[in-house]
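Residue numbers count from 1 along this sequence.
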Amino acid sequence: MDIHYNILLEVCTAGKLRNQADDWRQNMKYYIPTKVYQEIDAVKVHAEELAGYGSYALIVTGKYSARANGALADVEAALDAYGKKHVQYDGIEENPSVETVMKATEFGKRNGVDFVIAIGGGSPMDAAKAIAIMLANPEKDADYLYENVAHTKALPVVTIPTTCGTGSEVTGVAVLTVHAKRTKASLPHRVFPVLALADPKYLKTASKKVIGQTAIDALGHMIESYLNTTATDYSRMFVDQGLKVWARSKDALLGMREMTDEDYSNFLLASTLAGMAIAQTGTTIPHSLSYAITYELGVPHGIAIGYFLPGYIREADVADQEYLLSTIGFSSVDEFADFFQVVSDCGILPEENIRQVVDIVVENKAKLALCPYPLDKEVLLRIASWRK
């Protein structure tokens with residue numbers, strides 16, 4: 001599947017896309033400068049293109065999965081075939097920190113790399129974008145990562161997703177852990193990958209737990225992009241198709257049957273479509289509520305987001321609720337919440353932490369403005385505390 005969105009040649013609005021007021025229809029925009037191939041052996045098939053972005057690649061990974069699923073070997077073989085040097089930095093942790101990014105940057109500087117390849121889930125891909133920024137701006141220190149600039153200079157980034165949740169392979173966003181603030185925060189810079197090679201075979205070595213966590217993350221992206229004041233026909237086109245593709249395989253997350261090749265392909269495609277949607281709109285309240293929960297309690301990113309999705313949907317307009325739930329195959333918010341509980345095995349979060357994150361988010365006026373219904377502290381508490 002070749003999805004080249006440098007230029008949107010045709011917009012297909014088939015499917016149930018709800019109409020909105022003319023004001024946003026007259027001010028729509030669309031931008032994703034990432035070439036995407038989803039197919040088996042994508043790295044091998046497109047090896048020449050992968051190797052064409054520089055002469056010395058920094059391969060950014062976590063410790064184990066890139067080796068276990070074969071993606072690292074495929075990338076190294078592709079680069080070797082075209083005589084390109086490469087070096088691996090495998091120190092990316094889950095929810096990577098600013099400090100890790102700077103260590104990887106110094107490693108890249110010492111080796112003289114000129115492009116970056118990320119293999120993994122959201123953590124390596126987000127880290128790679130930040131590393132690419134710092135390598136292209138060697139005179140800057142870590143503070144530059146959170147500095148607003150008119151134009152961001154970065155080395156080319158190629159992404160190879162091996163999970164099915166983040167969508168980072170097609171977004172310009174990178175989220176890092178900021179220990180000084182005890183939370184996670186998005187960079188103000190936007191670095192879109194130049195190329196994404198999405199091969200569903202790499203998902204096969206991921207545990208059922210990881211598949212479930214990341215699939216919930218992708219679902220959160222689509223729900224938050226749909227329930228968003230910046231949503232347009234463009235963004236909702238991706239949401240609509242992504243939800244339908246995701247729904248085809250949701251029963252596999254419940255253990256009702258074994259995962260098939262089609263399921264891996266469906267979840268990977270849904271994740272990429274979800275990334276294309278949030279690239280246009282950004283995320284909203286569930287993401288904002290999740291960051292401190294992940295930092296303070298160690299709740300995995302996808303599960304932390306999913307925890308707040310039922311409450312976020314429940315507060316929405318009835319027509320929006322019905323559309324979202326029916327498209328993914330649930331009859332009610334309660335049925336969706338039961339599904340989340342089975343997949344996540346997540347207990348009730350402590351009241352102290354719930355109030356802490358609500359106090360943080362209620363002050364984030366920019367995020368509140370993205371929610372399509374009125375928000376105040378009372379509503380946020382209902383969203384965050386629905387299970388009680």
Side-chain angles (χ1 to χ4, degrees), residues 56-67 72 86-149 152-163 165-166 168-169 171-191 193 213 217 283 287-288 290-302 304-305 353 356-357 360 364:
Y56 197 160
L58 173 63
I59 305 174
V60 176
T61 72
K63 280 291 181 186
Y64 307 110
S65 65
R67 293 187 184 278
L72 178 62
H86 51 86
V87 63
Q88 181 192 12
Y89 183 86
D90 67 356
I92 306 301
E93 74 274 36
E94 189 173 352
N95 304 305
S97 67
V98 170
E99 289 80 4
T100 295
V101 164
M102 296 310 296
K103 289 178 184 177
T105 299
E106 290 306 313
F107 179 78
K109 286 179 181 178
R110 290 196 300 272
N111 285 280
V113 302
D114 57 5
F115 70 115
V116 182
I117 301 173
I119 305 174
S123 294
M125 289 191 283
D126 283 12
K129 295 172 188 177
I131 294 163
I133 293 170
M134 298 311 300
L135 286 172
N137 298 275
E139 76 285 358
K140 302 291 187 180
D141 61 19
D143 291 341
Y144 183 70
L145 287 168
Y146 285 94
E147 184 178 323
N148 284 290
V149 297
T152 296
K153 182 171 64 172
L155 297 187
V157 177
V158 176
T159 49
I160 300 170
T162 62
T163 62
T166 179
S168 187
E169 65 270 18
T171 75
V173 176
V175 180
L176 300 179
T177 295
V178 184
H179 289 302
K181 297 182 178 180
R182 302 185 65 83
T183 191
K184 295 165 61 178
S186 296
L187 305 188
H189 305 271
R190 292 293 178 263
V191 178
Q213 290 172 357
D217 187 10
T283 57
H287 265 72
S288 296
S290 77
Y291 290 148
I293 293 297
T294 293
Y295 188 91
E296 297 294 345
L297 300 178
V299 178
H301 174 67
I305 291 166
N353 295 96
Q356 175 192 14
V357 297
I360 293 170
N364 189 338

Spacing of CD1 belonging to Ile305 relative to NE2 belonging to His287, to within rounding of 0.5 Å: 3.0 Å
Under 3.5 Å, is there a donor on one side chain and an acceptor on the other for Thr159 and Lys129? no
Side-chain H-bond candidate by donor/acceptor type, His301 with Tyr291, under 3.5 Å: no
Identify the two heavy atoms, one from Gly122 and one from Thr163, that lie closest to each other, and give their separation to 0.1 Å. N-OG1, 4.4 Å
Rounded distance (nearest 0.5 Å) linking atom OG1 of Thr162 with atom CE of Met125: 7.0 Å
Flag side-chain contact, heavy atom, 4.5 Å: Arg190 against Thr152: no
Pair His189, Tyr144 - check ring pair (Phe, Tyr, Trp, His ring centres under 6.0 Å), show working. CA-CA 10 Å; His189 305 271; Tyr144 183 70; 5.0 Å; yes
For the residue pair Ala292 and Thr183, what are the closest heavy atoms and their distance? N-OG1, 3.8 Å
Between Lys184 and the options Asn95, Thr177, Thr294, the side-chain hydrogen bond (donor to acceptor under 3.5 Å, both in side chains) test singles out Asn95
Quick one: are Tyr295 and Ile293 in side-chain contact, heavy atoms under 4.5 Å? no
What is the distance from atom CG of Leu187 to atom CD1 of Ile133, rounded to the nearest 0.5 Å? 5.5 Å
Between Lys109 and Glu106 (salt bridge meaning N to carboxylate O under 4.0 Å), is one present in this structure? yes
Flag, side chain of Asp90 to backbone of Thr61, donor-acceptor distance under 3.5 Å: no
Whether Thr105 side chain and Val101 backbone form a donor-acceptor pair below 3.5 Å: yes
Can you tell if the side chain of Leu58 reaches within under 4.5 Å of the side chain of Tyr89, non-hydrogen atoms only? yes
If every non-hydrogen atom of Leu176 is compared with every non-hydrogen atom of Ala127, which pair is closest and at what distance? CD2-CA, 4.5 Å
Which heavy atom of Lys153 sits nearest to which heavy atom of Ala136, and what is that distance? CE-O, 2.9 Å
Is there a side-chain contact between Phe107 and Val87 (heavy atoms, below 4.5 Å)? yes
Shortest non-hydrogen contact between Val299 and Ala304, atoms and distance: CG1-N, 3.6 Å
Hey, is the main chain of Ala185 close enough, under 3.5 Å, to the side chain of Tyr146 for a donor-acceptor pair? yes
Do Ser123 and Glu93 come close enough that some side-chain heavy atom pair is under 4.5 Å? no
Any donor-acceptor N/O pair, Asn111 side chain to Val113 backbone, under 3.5 Å: no
Atom pair OG/CG of Ser186 and Leu145 - distance to nearest 0.5 Å: 12.5 Å
Does the Gln213 side chain pair with the main chain of Asp217, one donor and one acceptor, at a distance under 3.5 Å? no
Evaluate the side-chain proximity of Val60 to Ile119: yes if any heavy-atom separation is below 4.5 Å, no if none is. no
Spatial distance of atom OG1 (Thr166) from atom CG (Asp126) [nearest 0.5 Å]: 5.0 Å
What's the separation between atom CD in Gln356 and atom CG in Leu297, rounded to the nearest 0.5 Å? 8.5 Å
